[in-house]
Amino acid sequence: MANDGTLRDYYDESLKCVRCGLCQAVCPVFAVDRGEAAVARGKVQIVRAILEERIAPSSPARERIFFCLNCDACTANCPSGVAVTDVILAARAQLRRDLGASALEQLVLRQVLAHPGRVELGAAAVALYQKSGLRWLAHKVGILRLLPGDLSRKDELLPAALDPTPARKRLAAGTVSGQAKYRVAYFVGCVTNVLYQSLARSVVAVLQRHDCQVVQVEGLRCCGMPHRNYGDTETAAALAEHNVRLLNATPVDAIVTDCATCGSTLRGYSGLQAPVYDINQFLAEHVGVVPPQQPLLVRVTYHDPCHLARRQGIREAPRRLLQAIPEVTFVEMAEADRCCGGAGTFALMHYDVSMQILDRKMDNAAATAAEILATGCPSCRMQLSHGVARQRRRQPEGRGPQEVLHPVELLARAYGI
Amino acid sequence: MITAAVAAELRGLVGPEHVLTLPEDLACHAYDATHYTRHPDAVLLPASAEEVAAILRLANRERLPVVPRGAGTSISGGAVPIHGGLVVCTTRLNRILEIDTANLTARVEPGVVLGEFQTTVENLGLFYPPDPASLSVSTLGGNVGENAGGPRGVKYGSTRDYVLGLEVVLADGTVLEVGAKTMKNSSGYDLTHLFVGSEGTLGFVTKITVRLLPLPEAKQTVMAIFDRVEDAAATVSATIAAKVVPTTLELMDDVVIDRVETYKPAGLPRDAAAVLLAEVDGSERGVARQADLVASVARRGGAREVRIARTPAENALLWSARRGAFAAMARSRPTIIVEDATVPRDRLPQMVAKVKELASKHDVRVGILAHAGDGNTHPLIMADLRDREEMARVDRFVEEMFVAALAIGGVLSGEHGIGNLKKRYMAWQHGALGVEMMRRLKTAFDPNGIMNPGKLLPDEDATGAEAGL
């Protein structure tokens with residue numbers, strides 16, 4: 001798994017970088033910032049400088065190593081195929097060991113709670129970061145409503161009435177058996193769990209429509225990706241070990257997730273007995289989509305999450321789901337697989353840069369005149385929903401998307417479930 | 001090293017947020033796309049010619065090296081601060097100032113990215129031909145400094161052929177305007193074209209006037225596959241002799257073909273000795289006629305197969321092999337060195353054969369890419385920097401290759417520049433007199449030797465040891 005071991009283990013990988021600079025052409029952060037440290041080459045060379053003892057492990061080094069979406073566009077464009085994300089995550093882990101845990105919790109709390117606009121973005125992201133975030137966020141929901149700020153902006157991001165019951169609790173409470181052609185464990189990601197309960201309901205309903213018995217595995221926790229992103233490899237490993245143990249204890253045909261990030265992380269777990277599928281992939285490629293009967297007269301475009309398209313190579317499946325729905329007009333947007341700028345907590349830590357990246361994405365989406373912007377990642381969805389609100393303010397006369405949904409939710413509508 | 005007083009003065013000139021002195025930031029400006037690495041003493045990001053002038057005045061006074069930096073993608077060492085000093089980035093000098101559609105010219109600041117500039121003018125139906133492989137990231141200022149070329153050079157020439165005028169800040173901080181917007185200019189010494197390709201050693205370019213062409217209506221691609229590399233190389237001259245000058249005429253040898261098909265198969269036959277890729281442009285009817293001509297010349301020259309792209313999709317497919325070539329080579333071994341020895345077009349077969357012979361002699365792994373249409377070979381050396389014995393053999397290979405190229409009327413570099421990489425061979429090409437005349441020019445422009453020291457001209461005390469290696 002990336003960022004196990006020490007940074008020294010990644011020296012050879014850093015040497016693969018021939019410094020050609022082609023990463024500058026595709027890096028969304030560089031497009032906004034234009035600084036050498038903003039782009040993969042600069043970061044890889046900082047790592048190399050540390051390992052060659054030309055500079056010391058330091059806070060400024062860490063700051064620059066964190067100024068990254070981990071979107072993998074650089075690696076895709078790199079002639080040498082440098083595994084930039086692996087090098088960066090290893091560097092974050094090493095810097096955490098060398099310098100101690102950053103004042104991140106304090107920073108996040110200061111950055112998040114002091115800015116109402118960011119609180120909405122931050123609520124679920126902060127929950128992601130915590131080891132046992134669910135109770136903490138449920139507690140915090142009350143506090144959020146007490147914060148000052150523009151109510152309409154808060155409404156734009158969160159459901160009008162935030163469901164205080166996490167999705168996992170709801171699933172456990174209800175009946176989830178069906179005709180069992182497949183036994184499927186549904187790994188509910190943290191964001192879906194607290195923000196998009198309707199998506200979780202749709203996933204279960206659609207799986208049942210496909211003759212799946214959806215099994216609720218009790219006690220599953222965060223996949224660990226946010227922890228890995230912050231270099232907290234120990235917690236990430238503990239979470240992985242915990243989740244693997246629980247998932248292996250329940251024999252299933254497949255583990256399915258609706259979150260691109262969870263999916264890419266679960267695939268990296270060692271020792272999992274059942275295969276991991278993204279829900280789009282599971283339906284489109286493994287099981288076969290039951291043709292929906294109910295037409296939806298909507299214009300839809302699709303944003304490729306970085307962790308789905310580049311990390312897992314899943315691009316066609318979500319599009320097939322959308323195009324299976326009768327009367328749907330599907331339109332490709334330009335730069336569909338360019339990062340939305342959310343990247344977990346990047347939007348919190350680098351709000352201005354994140355918004356410039358988001359605005360480019362929203363302009364591309366608006367150019368399709370699609371009412372619905374579909375995406376296969378709840379984290380992207382948070383960012384894009386914020387983008388919908390921003391687009392309304394930036395271009396009041398424009399025809400930007402009105403709604404951000406997971407393809408499975410549209411499918412559920414087309415099944416009438 | 002710079003003193004605290006100098007650092008403070010620099011902050012006063014461009015603003016403290018535009019002066020970088022943290023080791024972490026210096027580490028990010030210590031390199032270009034070669035293997036040289038050396039930290040500068042400070043990195044500056046000026047926003048105007050006036051700020052650049054103030055910086056140079058200070059640097060000249062303090063005898064601090066000044067190294068101009070665009071995207072930092074030079075492959076001869078041009079942007080590496082091998083003697084420390086100030087790296088001055090053109091990042092904030094990034095505006096297209098004017099596109100004059102009546103005169104077919106444009107005025108740009110040096111930090112404008114070439115690919116973005118090309119897209120902008122093409123959207124207006126105009127054309128700026130020079131197309132180095134780095135165009136998606138390299139800057140026009142960098143292109144001017146290195147006289148960048150590219151595949152389209154065979155028909156359209158290089159950067160120098162498109163520069164009409166410059167605003168240059170000289171080493172003492174004075175601002176010099178050279179050239180004009182006119183298409184013809186015979187008014188004294190041609191200082192404009194002296195600066196092009198001077199690699200930042202004569203002054204700091206702050207504005208560039210270029211000429212533009214109308215965008216050709218159509219283009220078409222032809223690929224010819226050969227069983228003998230000599231046939232491919234000979235077909236290049238035959239094509240020109242048949243009075244067809246393609247836009248590009250690219251050659252890939254068997255080593256490159258093998259690497260491409262291993263890394264990202266593009267449908268090239270692995271048993272082919274060489275592939276020739278030609279693009280023609282012009283009117284719709286004209287390109288079809290040209291493409292057929294190229295195909296028939298290739299067949300007469302011994303091509304065993306010719307493919308003509310008839311649609312944009314087919315076009316892209318044929319070019320994907322050529323575009324993936326560098327990546328395929330770069331992944332084979334840890335270190336990739338791209339050489340640039342260029343010979344008269346009709347000597348290309350001889351040069352290709354010589355490169356292969358020398359590679360075998362010195363046991364060095366080399367694939368040959370070439371802008372064959374203008375005799376510009378790119379031997380791609382796959383090596384490992386950490387293997388000193390191998391690198392010594394690579395050095396000997398490179399030296400003998402230069403000797404061979406120069407012996408048949410060639411030059412050390414067609415488009416990459418001399419930089420730090422090739423300066424020790426300058427006398428071989430220019431003779432002692434030529435190098436001496438260049439030194440006198442350099443002294444006239446830069447008496448204190450602050451502009452990109454250690455580049456282009458051999459070190460005066462050169463014994464073969466090079467800074468930064």
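These numbers were taken from a predicted model, which means no experiment stands behind them. Order of the sequence lines sets the chain letters (A, B, ...), proteins ahead of strands, with each chain counted from 1. These values consider heavy atoms only, across backbone and side chains, with no hydrogens, waters or symmetry-generated copies.
- Shown here are the salt bridge (Lys or Arg N to Asp or Glu O under 4.0 Å) partners of Arg386(B), two or more places apart in sequence or in another chain: Asp12(A), Asp384(B).
- Of the two parts of Ile46(A), only the side chain, counted from C-beta on, holds a non-hydrogen atom closer than 4.5 Å to a non-hydrogen atom of chain B.
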**Q.** Test salt bridge (charged side-chain N to carboxylate O under 4.0 Å, His left out) applied to Arg62(A) and Glu24(B), step by step
**A.** CA-CA 10 Å; Arg62(A) 174 154 62 187; Glu24(B) 294 80 4; over 6 Å; no
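- Put simply, of Asp32(B), Leu45(B), Val43(B), Asn94(B), the one with the most heavy-atom pairs under 4.5 Å next to chain A is Asp32(B).
- For Cys78(A), the part lying under 4.5 angstrom from a heavy atom of chain B is the backbone only.
- Looking only at heavy-atom pairs under 4.5 Å with chain A, the residue among Leu385(B), Ile336(B), Ile75(B), Val137(B) that has the most is Val137(B).
- A donor-acceptor pair under 3.5 Å links the side-chain atoms of Arg19(A) to the main chain of Tyr36(B), judged by distance alone.
- Annotation: side chain of Gln45(A) is not in contact with side chain of His29(B) (no heavy-atom distance under 4.5 Å).
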Q: Dump the intermediate steps for side chain to side chain contact (heavy atoms under 4.5 Å, CB included) on Arg34(A) and Val113(B), then the final yes or no.
A: CA-CA 11 Å; Arg34(A) 296 285 176 175; Val113(B) 172; 3.8 Å; yes
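- With a threshold of 4.5 angstrom between heavy atoms, Ile55(A) approaches chain B through side-chain atoms but not through N, CA, C or O.
- For Thr91(B), the part lying under 4.5 angstrom from a heavy atom of chain A is the side chain only.
- Note on Gly42(A), Ser80(A), Cys20(A): by heavy-atom pairs under 4.5 Å with chain B, the leading option is Ser80(A).
- For the options Cys17(A), Ala49(A), Gly81(A), Ala37(A), heavy-atom pairs under 4.5 Å to chain B are most numerous at Gly81(A).
- Heavy-atom distances place both the backbone and the side chain of Pro23(B) under 4.5 Å from chain A.
- Residue Leu22(A) comes nearest to Ser136(B) through the heavy atom pair CD2-OG, 3.8 Å, listed as atom of the first residue, atom of the second, then distance.
- Of the atoms belonging to Ala61(A), heavy atoms from both backbone and side chain fall under 4.5 Å from chain B.
- Neither the backbone nor the side chain of Arg323(B) comes within contact range of chain A; no heavy atoms are under 4.5 Å apart.
- Annotation for Arg267(A): atom CZ counts as buried by contact number, over 12 foreign heavy atoms lying within 6.0 Å.
- Within a 6.0 Å radius of CZ in Arg394(A), other residues, nucleotides and ligands contribute more than 12 heavy atoms.
- Options Gly72(B), Ala27(B), Ala30(B), Ala133(B) differ in how many heavy-atom pairs under 4.5 Å they form with chain A, and the most are formed by Gly72(B).
- When Gln24(A), Lys43(A), Lys16(A), Arg48(A) are compared by the number of non-hydrogen pairs under 4.5 Å with chain B, Gln24(A) comes out ahead.
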**Q.** Worked verdict on Thr37(B) versus Glu52(A) for side chain to side chain contact (heavy atoms under 4.5 Å, CB included)
**A.** CA-CA 11 Å; Thr37(B) 304; Glu52(A) 292 173 357; 5.7 Å; no
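- Of the atoms belonging to Arg64(A), it is side-chain heavy atoms, and not backbone ones, that fall under 4.5 Å from chain B.
- For Thr34(B), the part lying under 4.5 angstrom from a heavy atom of chain A is the backbone only.
- Here the side chains of Leu22(B) and Pro60(A) are in contact, with some heavy-atom distance below 4.5 Å.
- Counting heavy-atom neighbours within 6.0 Å of Glu53(A) CD, excluding the residue itself, gives a total of 12 or less.
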